[in-house]
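A quick write-up on the structure given underneath.
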Number of protein chains: 4
Amino acid sequence: MSSTKERIFKAALETFSKRGFYKATMDEIAEAAGVAKGTLYYHFKSKDDILDFLIDEGIKRLKQQAIEEISKVNGAIEKLKRIVFVQTNFLYKNHDFIIVLLSQIWGHGDVPRRFREKLSTYLEIIEKVVKEGKEQKLLADCNEKLVAAAFFGMTTSILALKVIREEETVDTQEITDTVFNFALNGLKFYH
Amino acid sequence: MSSTKERIFKAALETFSKRGFYKATMDEIAEAAGVAKGTLYYHFKSKDDILDFLIDEGIKRLKQQAIEEISKVNGAIEKLKRIVFVQTNFLYKNHDFIIVLLSQIWGHGDVPRRFREKLSTYLEIIEKVVKEGKEQKLLADCNEKLVAAAFFGMTTSILALKVIREEETVDTQEITDTVFNFALNGLKFYH
Amino acid sequence: MSSTKERIFKAALETFSKRGFYKATMDEIAEAAGVAKGTLYYHFKSKDDILDFLIDEGIKRLKQQAIEEISKVNGAIEKLKRIVFVQTNFLYKNHDFIIVLLSQIWGHGDVPRRFREKLSTYLEIIEKVVKEGKEQKLLADCNEKLVAAAFFGMTTSILALKVIREEETVDTQEITDTVFNFALNGLKFYH
Amino acid sequence: MSSTKERIFKAALETFSKRGFYKATMDEIAEAAGVAKGTLYYHFKSKDDILDFLIDEGIKRLKQQAIEEISKVNGAIEKLKRIVFVQTNFLYKNHDFIIVLLSQIWGHGDVPRRFREKLSTYLEIIEKVVKEGKEQKLLADCNEKLVAAAFFGMTTSILALKVIREEETVDTQEITDTVFNFALNGLKFYH
DNA sequence: GATGAATGAGCATTCATTCAT
DNA sequence: AATGAATGAATGCTCATTCAT
C-alpha cells in the first residue's frame, strides 16, 4: 500500500468512525488525509469502495491474529481463551474499525449482507474451535453457529459500550477474563 | 397516537429497516405510509425526529414487556429466564426495530450516544435482576453492567443474524433455551 | 371590518414588519392573531391578498389624513408643512406599515408596480400642492413629480432609519421642522 | 474574483433585481450565469451569501467612486455636487444593485440591519462633507446624519422610480441638477 | 364563522463523482 | 500521481392552500 493510500485508509477509518459512514464526506476524508479530493479517486473507485477496503482489511487482520494466536496452544478451551483475548485486544486497538463494522452489518441491503459474509469467515474460526471442544468432550453440546455469534456479540457489546464511552482506560485483561469465565462457567453460583 | 401518525410510524420502521436510515428517503416513507410527504412533516419535525421516536417507542415497549414479565415470577434465575424470553420474542416480532437500533447505536455522534443512553435504561432492568441474583447467592459474582451488555449483545447478535438471513422460521424457544443455558451454565462440559 | 379580520390585519402587519413578507408564514400570522390558520383563508383569499389589503389600507389612511390636514389651512407653503407633519407622524405611528411598504415597492414585478401605482395617488396630493405653490409664486420652478418623490424618499429614509434603529423616542416635531426647513430653504448658508 | 464567480455575481444581481431576492431561484441564477447549480455553491456558501456579497461589492464600489470624485475638487458645496452626481450616475448604471439594496435594507431582521450598517459607511462620507460645509460656513446649521439620509433617500427615490418605470432614457444630469438645486436652495421662491 | 389535518409543488442545499491540467 | 473546479442528480424540508367537519 503506497504511503498516500495508507494515509487515506487511516483518515477514512477515523472519519467514518467519528461521523458515521453516511455523514462522513469525501471532503472530510481528504482533509483528514491531507490530500486533495481528487486523490481519493486515484486510489479508490468510490466511497463505497473505501468502506469495502476498510472492512476487508479489518477482518483480514483480525482473522490473521486469531489464527496465529490459537496455533500457539493446544486444547479447545485454551484456544477459546486466546480467541477471546485476541478479539478483545484487537477491537480495543481498532475501535474505529469495530464501530464502522457494527454500524454496517445489520440490514437487508447487499452491502450489509456482503459484510456479514466476510465476518462469517471469522466466526467460522470460532465455530471450528467450539466443534473441536465438543468432540474432545471439553465443551458441552451446543449449536456452534449460535455460540460463535453469541461470542462475537457479547464481546463487541461489552467492548464497544466501554470504548465508545471513552471511559477510563479499559482493562482488556479484565474483560477477557470476565467474558471467558462467563462463557465457560456461566453465571450460576455453585455452593 | 393518531391513526395517521401510527401509519407513518410503521412505514418508517419498515423502510428504515429495509433500506437503512440514510438510504431511506422521505418519499419512500410517505409512499409506504400512503400519505403525502408533507404529512410526514405535519407529524414529525424531521427525518431524525422520526428515528428518535422509533427508538423511543421501541425501547419503551421492550421495557414494559420485560417489567411485566419479570413481575410474574420470583427468584432471580427465573426472572432472568423471562428476560431472555421477552427479549428474544420482542426482537423477533420487531426485527425491523432491532435492525434499526443496532445500526444506530454505535459511533461517537450525539445521536448514537443518545440512543445508547435510552438503551441503558433497559439494560438497567437486567442489571437489577443480576444484582438481586448475586445477593441471593443464586448467581456468581460478576460485574452486572458487563453481564447486562453481554446478555443484550448475545441475544441480538444471534437473532439479528438469523432474522436478517430470513432463514427458516426462527424457533424463539430454542434460542431462549440456548442463550439462557449458555448464560447460566457456560460452555464447559461436566463429566 | 369584523373583529377577527381586524385582528388578522394587525397581526399580519406586525409579522410582515418583523419578519419580512417572505419569511413571515401564515402559521406565524395565525398565531399572532390568535386564530387557526384556516381562518386566515376565510377572511383573505391568499397571503398576497393580505399584503394587498395592508398596503391599500395604509395608503388610504395616509391619504385621508393628508387631505384632511391640508384642508385646514390655506397657502401652499402652509399646506406643505402640514403634509410633512402628517407624513412624519403617520409613518412614525405606523412604522410597521412603512417598513412593509418600502420593502415591496421596488422591483420589476407586477406586485411592486401595483403598489407604486397606489403610492402615486398619495404623491399626487403633494404634486398638486407644489403645483399650486408654483402658480402662486410661493415655490420656485421645479418638476413637481420629482419633488414629490424626493419629499417622500427624504422623509421615509430619515424616519425609517431612526424608527427601525429603535432609537431614542423620535421627536416627530423636530423631524418635521428639519425636513420642512431643508425642503424650503435648502442647505445653503446665508450670510 | 475568478471569471466564474464574476459571472455568477452578475447573473445573481440581474436575477435578484428582476425577480426579487425571494422569488429568484438558484436554478434561475445558475442558468443566467451559464453554470450548473452546484457551481453556485462552490463559489458561495448559500443564496444569502450571494446577496451579502452583492451588497458588499455594490457599496464598496459606490464608496470608491464617491471618494475618488470628491477628492478631485475643493469646497464642501462642490464636493456635495459631485456626490449627488456620482450617486445618480452609479445608481443609474447599477440600477439592479439599487433595486436589490432598497428591497433589503428595511425591516427588523439581522440581515437588513447588517445591510444598513454597511450603507452607513457610505452615508458617513456625505456626513463628513456636510460637516465640513457647516464649519466653513458654506452650509446652514443642520443635523448631518439626517441630511445624509435625506440625500440618499431623495436620490434613490427619484431614480428608482424612474429607472424601474423604464421610462424615457433618464437624463442623469437633469436629476443631478434638480436634486442638488433642491438640496441647496430649497423650494422657496425668491422674489 | 372557524378549524386544523393533509397536501404537494417548489426550492435550497449536499455531495459523490468527473476530468482537464 | 495529484489536483480542485465544476457538475447535476438526489433529497430533506417549507409552506401556501384546500377542505371536510
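Remember, predicted model here, so these are calculated numbers, not experimental data. Just so we're on the same page: letters track the sequence lines, and every chain starts at 1.
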Just call it for D:A24: base, sugar-phosphate, or nothing, with non-hydrogen atoms closer than 4.0 Å on any strand.
sugar-phosphate
A:T15 versus A:E31: any side-chain heavy-atom pair under 4.5 Å?
no
Check the distance between E:dA12's C1' and D:E31's CD and give it to me in whole angstrom.
17 Å
Nearest heavy atom decides the nucleotide; on that basis, is B:M26 or D:G34 closer to the 5' end of DNA chain F?
D:G34
Using whole Å, what does the distance between atom C1' of nucleotide E:dC15 and atom CZ of A:F21 come to?
12 Å
Among A:F16, A:F97, A:F53, whose ring-ring contact (aromatic ring centres under 6.0 Å, His included) with A:F9 holds?
A:F53
Find the runs of at least 3 consecutive base pairs, i with j, i+1 with j-1 and so on, that include DNA chain F, using Watson-Crick or G-U wobble geometry with both distances under 3.5 Å.
E:2-21 with F:2-21
Taken to the nearest whole Å, OH/C:Y42 to C1'/F:dT17 is 17 Å
Residue A:T39, side-chain atoms from C-beta onward, closest of F:dT3, E:dA6, E:dT17
F:dT3
What I'd like to find out is whether the side chain of D:I98 reaches to under 4.5 Å of the side chain of D:L101, using heavy atoms alone.
yes
Calculate the interatomic distance between D:R19 atom CZ and E:dC11 atom C1'; express it in whole Å.
12 Å
NZ of D:K5 versus C1' of F:dA6: gap in Å, rounded?
15 Å
Heavy atoms from C-beta onward define the side chain here; which of F:dA16, F:dC13, F:dA2 lies closest to that of B:K47?
F:dC13
Of the nucleotides F:dT7, E:dA2, E:dT7, which one has an atom closest to the side chain of D:A36?
F:dT7
Taking only N/O atoms, report every protein-nucleotides 18-21 of chain F pair under 3.5 Å with atom names and distance.
none

Specify the separation, in whole Å, of atom OH of C:Y22 and atom C1' of E:dG10.
15 Å
Counting neighbours of NZ on A:K18 that are heavy atoms of other residues, nucleotides or ligands and sit closer than 6.0 Å, is the number greater than 12?
no
If each of C:V35 and A:D48 is mapped to the nucleotide of DNA chain E with the nearest heavy atom, which maps nearer the 5' terminus, i.e. the 5' end?
C:V35
Lys/Arg N to Asp/Glu carboxylate O, B:E117 vs B:R114, below 4.0 Å:
no
How long is the line joining CD1 of A:I50 and C1' of E:dT17, in whole Å?
12 Å
With sequence neighbours excluded, tell me which residues meet salt bridge (charged side-chain N to carboxylate O under 4.0 Å, His left out) with C:K10.
C:E6
Name the residue closer to the 5' end of DNA chain F, choosing between B:S46 and A:H43 according to the nucleotide with the nearest heavy atom.
A:H43
Closest to the side chain of D:T4, out of F:dA16, F:dA6, E:dA16, is F:dA6
Geometric cation-pi criterion C:K47 and C:F21, 6.0 Å radius, 45° cone:
yes
Please report, rounded to the nearest Å, how far the P atom of F:dT14 is from the CZ atom of B:F44.
15 Å
Can B:K5 be said to sit on top of B:F44's aromatic six-ring, NZ or CZ under 6.0 Å from centre and within 45° of the ring axis?
yes
So do D:K118 and D:D52 actually touch side chain to side chain, heavy atoms under 4.5 Å?
yes
Under a 4.5 Å cut-off applied to non-hydrogen side-chain atoms, are B:F115 and B:L51 in contact?
yes
